[in-house]
Amino acid sequence: MTVPMEDVWAAAELVAFGLRSGARPTDGNAYGLLLERYRTSTAFRDAVDTVAGGLGLVVLGAPPRSGLVLTTQPGSVFAVRMADLRGGNLSADDKLIAGLVVLGIAAYAFPHDADLDAAAVKIVEVAAIDRFIRDAVDRLPEEDAYRRAADVYRRTAAFKPKDRQPGPARGCTQFAVLEVLGWLVASGAARQMPQMGPASYQLTDRFRLLVADMAGGEALESMRAVRAVRAEAPAAATEGA
C-alpha cells in the first residue's frame with residue numbers, strides 16, 4: 001500500500017515530538033492531534049512505526065499524558081547512554097554506581113508486574129532510593145560485575161555534605177542518585193517535584209514503559225523481589241494486628 005507523502009511527513013513529525021523530552025501533548029496542540037491519530041488509525045500507526053524503525057527507534061507506547069515513548073535499537077544515533085552522564089567524565093566506579101541506581105529506581109517504583117501496566121503516579125525521593133539500594137544489593141546475582149558494583153556501592157559514603165550548601169556533595173551515593181534522576185529529567189522520564197521537597201521526583205509514563213521493556217533481567221528482578229516483599233510487609237503486619 002502506498003502511503004501519501006503528507007502522512008509520511010506527519011509520521012516523522014510525531015517521531016520528532018517523541019524525541020523532544022520537553023514536548024507535551026494536549027488536546028489542541030499539534031503533538032496531541034498527531035498522538036490521537038496514532039492511537040486511532042492503524043495505517044498511520046504503521047507509518048509512524050516504520051519511520052521510527054528506519055531511524056533505529058522502537059515505539060514502546062503512546063500514553064496520552066506523556067506522548068510517544070521511544071527506545072533505541074542497538075547502534076542508533078539517538079541512543080542515550082549512562083556514559084553520557086557528566087559529559088562522559090565518569091570513572092569505572094561511577095558507572096557501576098549509576099547502573100545500580102537506575103535498577104534501584106526501577107525496582108523501587110515498580111516492584112510488581114501490575115505496576116508496569118498502571119499509569120499511577122510514582123514519586124521517589126533521593127534518600128529513600130539510596131537506602132533501598134543499600135538494602136537490596138546483597139540479593140544481586142553472583143556475577144563479577146554485579147558483585148563489584150555492590151561492593152563499590154557499599155564502601156561509598158551514603159552522604160557527604162556540600163560546603164555551605166544544601167544537598168549531597170559529589171563522591172557519595174546520594175549524589176549519584178540525584179545525578180541519575182537529573183539525567184532522567186533531561187530524558188523526559190522524570191520531573192522534579194519541588195513542592196514535595198527538593199529531592200523528590202515524579203517518574204513519568206516514559207520511564208514506566210522503559211522499565212517494562214527491560215524487565216526480566218536477573219539483577220532488576222532480584223531488586224524488584226526485595227522491594228515487593230518490603231512493600232507488602234506493612235500490610236501483612238496490619239492484617240495480623
Side-chain angles (χ1 to χ4, degrees), residues 20-24 65-66 79-111 115 120-140 145-211 214 219-220 222-224 226-227 230-231 234:
R20 296 175 198 155
S21 60
R24 295 285 180 270
R65 293 185 306 179
S66 298
V80 179
R81 298 170 293 275
M82 291 300 299
D84 295 332
L85 271 171
R86 216 182 296 164
N89 189 26
L90 291 176
S91 68
D93 284 355
D94 288 337
K95 292 176 184 177
L96 290 172
I97 289 174
L100 272 187
V101 170
V102 172
L103 292 177
I105 294 170
Y108 185 90
F110 304 104
D115 296 320
V121 173
K122 298 287 185 177
I123 306 294
V124 298
E125 192 270 333
V126 169
I129 293 293
D130 181 57
R131 286 193 299 270
F132 166 68
I133 295 172
R134 288 183 177 277
D135 289 343
V137 290
D138 288 334
R139 292 285 299 272
L140 289 172
Y146 295 127
R147 288 292 94 213
R148 185 175 169 218
D151 290 342
V152 170
Y153 207 98
R154 281 196 211 93
R155 69 170 182 257
T156 302
F159 181 82
K160 288 183 178 179
K162 287 182 178 178
D163 184 21
R164 291 176 293 206
Q165 294 183 44
R170 182 175 295 182
C172 67
T173 52
Q174 285 192 26
F175 179 87
V177 174
L178 196 61
E179 194 170 38
V180 169
L181 284 167
W183 174 69
L184 291 177
V185 169
S187 304
R191 300 188 188 101
Q192 288 183 284
M193 297 292 286
Q195 66 271 32
M196 300 189 69
S200 295
Y201 292 77
Q202 176 188 343
L203 302 174
T204 68
D205 284 333
R206 184 181 299 270
F207 186 70
R208 175 177 62 84
L209 291 172
L210 290 170
V211 174
M214 70 179 182
L220 174 59
S222 295
M223 297 183 83
R224 288 179 74 200
V226 173
R227 174 61 175 162
R230 298 195 174 190

Between [X] and [Y], is any pair of side-chain heavy atoms under 4.5 Å apart?
X: V126; Y: D130; value: no
X: F132; Y: V226; value: yes
X: E179; Y: W183; value: no
X: S200; Y: V124; value: no
X: V121; Y: R65; value: yes
X: F207; Y: F110; value: yes
X: Q174; Y: I129; value: no
X: T204; Y: L184; value: no

Look up atom [atom1] in [X] and atom [atom2] in [Y], then write down how far apart they are to the nearest 0.5 Å.
X: Q202; Y: M193; atom1: CD; atom2: CE; answer: 5.0 Å
X: D93; Y: T156; atom1: CG; atom2: OG1; answer: 6.5 Å
X: R134; Y: Y153; atom1: CZ; atom2: OH; answer: 6.0 Å
X: L178; Y: R170; atom1: CG; atom2: CZ; answer: 11.5 Å

Step-by-step side chain to side chain donor-acceptor pair (under 3.5 Å) determination, D151 to Y146
CA-CA 9 Å; D151 290 342; Y146 295 127; over 6 Å; no
Are more than 12 heavy atoms from other residues, nucleotides or ligands located less than 6.0 Å from atom CE of M196?
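Open: at most 12 neighbouring heavy atoms sit under 6.0 Å from CE of M196.
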Which atoms form the tightest heavy-atom contact between [X] and [Y], and what is the distance?
X: K122; Y: D115; result: NZ-OD1, 3.8 Å
X: A219; Y: L103; result: CB-CD1, 3.8 Å
X: G104; Y: I133; result: CA-CG1, 3.9 Å
X: P161; Y: A169; result: O-CB, 3.7 Å
X: A128; Y: Y108; result: CB-OH, 3.8 Å
X: L203; Y: A109; result: CD1-CB, 3.4 Å

Are [X] and [Y] within salt-bridge range, i.e. N to O under 4.0 Å?
X: D135; Y: R131; result: no
X: R147; Y: D138; result: no
X: R208; Y: D205; result: yes

With no hydrogens and no angle check, is any side-chain donor or acceptor of T173 less than 3.5 Å from a backbone partner on A176?
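Looks like no, no N/O pair under 3.5 Å.
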Are the side chain of E125 and the backbone of A127 linked by a donor-acceptor contact shorter than 3.5 Å?
yes
Checking side chain to side chain contact (heavy atoms under 4.5 Å, CB included) between V180 and each of I97, V185, L100, I105, which is the one that passes?
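Filter result, single survivor: I105.
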Test log, rule side chain to side chain donor-acceptor pair (under 3.5 Å), inputs R206 and S187
CA-CA 9 Å; R206 184 181 299 270; S187 304; over 6 Å; no
How would you list, by chain and number, every residue that makes a salt bridge (Lys or Arg N to Asp or Glu O under 4.0 Å) with R164, sequence neighbours excluded?
none
Sequence-distant partners of R227, salt bridge (Lys or Arg N to Asp or Glu O under 4.0 Å), two or more places apart
none
